[in-house]
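Heads up, the thing below is written out as structure tokens.
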Amino acid sequence: MSDDTSNDAGTGAGTGAGSDTDKKIIVFGAGGRVGRAAVAEAAARGHRVTAVVRDPAKYADLEDGVAVTVVRGDVTDAESVALLASGHDAAVNASVRLDVPSAEYFTAAARALVTGLRRAGVGRLLTLGIATTLETEPGVRLMDAPEFPAEWRAFAQGHVAEFELLTAEAGPELDWLMVVPPLDLAQDAPPTGRYRTAIGTVLDGPGRIAHTDLALALLDEIERPRHGRVQLAVSV
């Protein structure tokens with residue numbers, strides 16, 4: 001398991017030090033924990049954020065009247081994506097549906113994002129993956145272990161299908177990246193202001209990260225893109 005030590009540390013939360021500020025960023029799934037963290041970090045760095053949720057009335061607290069605008073949208077609908085994303089510089093997909101089969105949902109979202117972002121002229125997409133799809137050794141993923149629960153494997157397969165679809169269909173116009181947190185993405189994990197990365201493999205260490213530290217990685221990759229068209233594992 002090799003660390004990508006060239007990107008060992010993230011920027012400080014909210015500092016925006018040396019960052020390309022005043023971008024327009026659209027976040028799908030903005031009402032979830034990772035989505036909220038990404039919205040907050042983007043706003044703290046001086047970016048303008050469109051926070052996309054299914055029911056804006058439930059997420060009025062996200063809108064600050066200045067940097068963040070909450071809108072209704074459907075990440076699985078290419079027309080909705082294109083309409084909402086027009087004029088933005090980058091998109092984040094932090095959405096999930098547990099009431100829809102994993103492969104069905106994540107491929108529908110990926111296909112709509114590829115089509116919709118292309119129509120809108122948005123060239124950068126960051127989407128969340130899941131740690132069980134990462135390799136523990138060449139060609140062997142966590143989800144491939146014989147004792148791995150079948151129901152978890154089915155959910156993980158949705159992200160595998162999403163990755164394959166993005167690889168096959170995104171084309172050169174869309175610079176996409178699947179950002180993969182460790183197994184323990186815990187709300188109570190203490191923020192550190194730092195993170196480590198690896199391409200496609202599980203990182204050695206505690207296997208835990210705070211939502212705020214994951215948001216650092218997302219915003220750093222929007223402000224200064226360093227990886228593309230791969231799974232980027234992120235951990236403390």
Side-chain angles (χ1 to χ4, degrees), residues 1-10 33-34 37-38 92-96 98 101-107 109-110 113-114 124-170 174-222 224-236:
M1 294 176 287
S2 59
D3 287 5
D4 175 17
T5 53
S6 66
N7 190 23
D8 183 64
R33 292 174 181 176
V34 175
V92 174
N93 179 26
S95 68
V96 65
L98 300 180
S102 175
E104 177 184 333
Y105 179 75
F106 288 116
T107 55
L113 284 163
V114 167
R124 182 66 165 165
L125 166 66
L126 274 63
T127 188
L128 288 183
I130 191 170
T132 51
T133 64
L134 296 172
E135 292 186 344
T136 55
E137 58 183 274
V140 180
R141 303 169 300 187
L142 279 170
M143 62 185 286
D144 296 329
E147 68 276 11
F148 195 82
E151 63 273 21
W152 295 3
R153 185 178 292 109
F155 184 82
Q157 190 60 44
H159 285 289
V160 173
E162 176 189 13
F163 184 85
E164 291 173 347
L165 188 148
L166 288 169
T167 300
E169 299 185 16
L174 183 62
D175 183 19
W176 60 272
L177 178 67
M178 181 173 281
V179 178
V180 186
L183 287 173
D184 190 355
L185 178 55
Q187 188 175 23
D188 62 347
T192 67
R194 297 178 64 83
Y195 60 87
R196 297 174 299 133
T197 65
I199 296 175
T201 66
V202 174
L203 281 153
D204 292 318
R208 198 171 199 229
I209 196 169
H211 293 86
T212 52
D213 287 340
L214 181 59
L216 294 182
L218 291 169
L219 267 295
D220 285 351
E221 280 287 345
I222 288 174
R224 306 179 192 86
R226 301 182 68 177
H227 302 89
R229 299 176 175 84
V230 296
Q231 284 183 303
L232 185 69
V234 179
S235 187
V236 294

Exercise for the section: Taking the side chain as every heavy atom from C-beta outward, state whether Pro225 and Arg124 have any pair of such atoms under 4.5 Å apart. Expected result: yes
Completion exercise
For Phe106 and Ser95 the tightest heavy-atom approach is CE2-O, 3.7 Å
Practice task
State whether the side chain of Arg153 and the backbone N or O of Ala145 hold a donor-acceptor pair below 3.5 Å, judged by distance alone.
Solution key: yes
Handout entry: Shortest non-hydrogen contact from Arg208 toward Pro190
Key = NH1-CD, 4.1 Å
Completion exercise
To the nearest 0.5 Å, atom CG of Leu216 lies from atom CG of Leu214 at 8.5 Å
Handout entry: Full working for side-chain contact (heavy atoms from CB on, under 4.5 Å) between Met178 and Leu128
Key = CA-CA 5 Å; Met178 181 173 281; Leu128 288 183; over 6 Å; no
Handout entry: Rounded distance (nearest 0.5 Å) linking atom CZ of Phe155 with atom OG1 of Thr132
Key = 8.5 Å
Exercise for the section: Scan Leu219, Leu232, Val179 and name whichever one has a side chain to side chain contact (heavy atoms under 4.5 Å, CB included) with Leu126. Expected result: Val179
Problem - Validation row: Val236, Pro206 side chains within 4.5 angstrom (heavy atoms) - result: yes
Handout entry: Glu135 side, atom CD; Arg141 side, atom CZ - distance, nearest 0.5 Å
Key = 8.0 Å
Exercise for the section: Look up atom CG in Leu125 and atom CG in Leu177, then write down how far apart they are to the nearest 0.5 Å. Expected result: 8.5 Å
Problem - Distance-minimising heavy-atom pair for Leu165 and Thr107 - result: CD1-O, 3.8 Å
Practice task
Start with the C-alpha gap between Met143 and Thr133, add the side-chain angles, then the distance that decides, and say whether side-chain contact (heavy atoms from CB on, under 4.5 Å) holds.
Solution key: CA-CA 6 Å; Met143 62 185 286; Thr133 64; 4.1 Å; yes
Practice task
Specify the closest pair of heavy atoms between Leu142 and Ala131, including all atoms of both residues, with the distance to one decimal.
Solution key: CD1-O, 3.3 Å
Practice task
Locate the shortest heavy-atom distance separating Ala38 from Leu218; write the atom from each residue and the value.
Solution key: CB-CD1, 4.2 Å
Handout entry: From CD (Gln231) to CG (Leu166), nearest 0.5 Å
Key = 10.5 Å
Exercise for the section: Under the side chain to side chain donor-acceptor pair (under 3.5 Å) rule, collect the residues that match up with His159, sequence neighbours excluded. Expected result: Glu162
Practice task
Could you tell me whether the side chain of Asp213 and the main chain of Thr192 form a donor-acceptor pair under 3.5 Å?
Solution key: yes
Exercise for the section: First locate atom CD of Glu169, then atom CG of Leu174, and finally report the distance between them rounded to the nearest 0.5 Å. Expected result: 11.5 Å
Problem - Basic-acidic side-chain contact under 4.0 Å: Arg229, Asp175 - result: yes
Handout entry: Shortest non-hydrogen contact from Val114 toward Ala170
Key = CG1-CA, 3.9 Å
Handout entry: Min side-chain heavy-atom separation Pro181-Val234 under 4.5 Å
Key = no
Practice task
Indicate yes or no: at least one non-hydrogen side-chain atom of Asp184 is less than 4.5 angstrom from one of Ile209.
Solution key: no
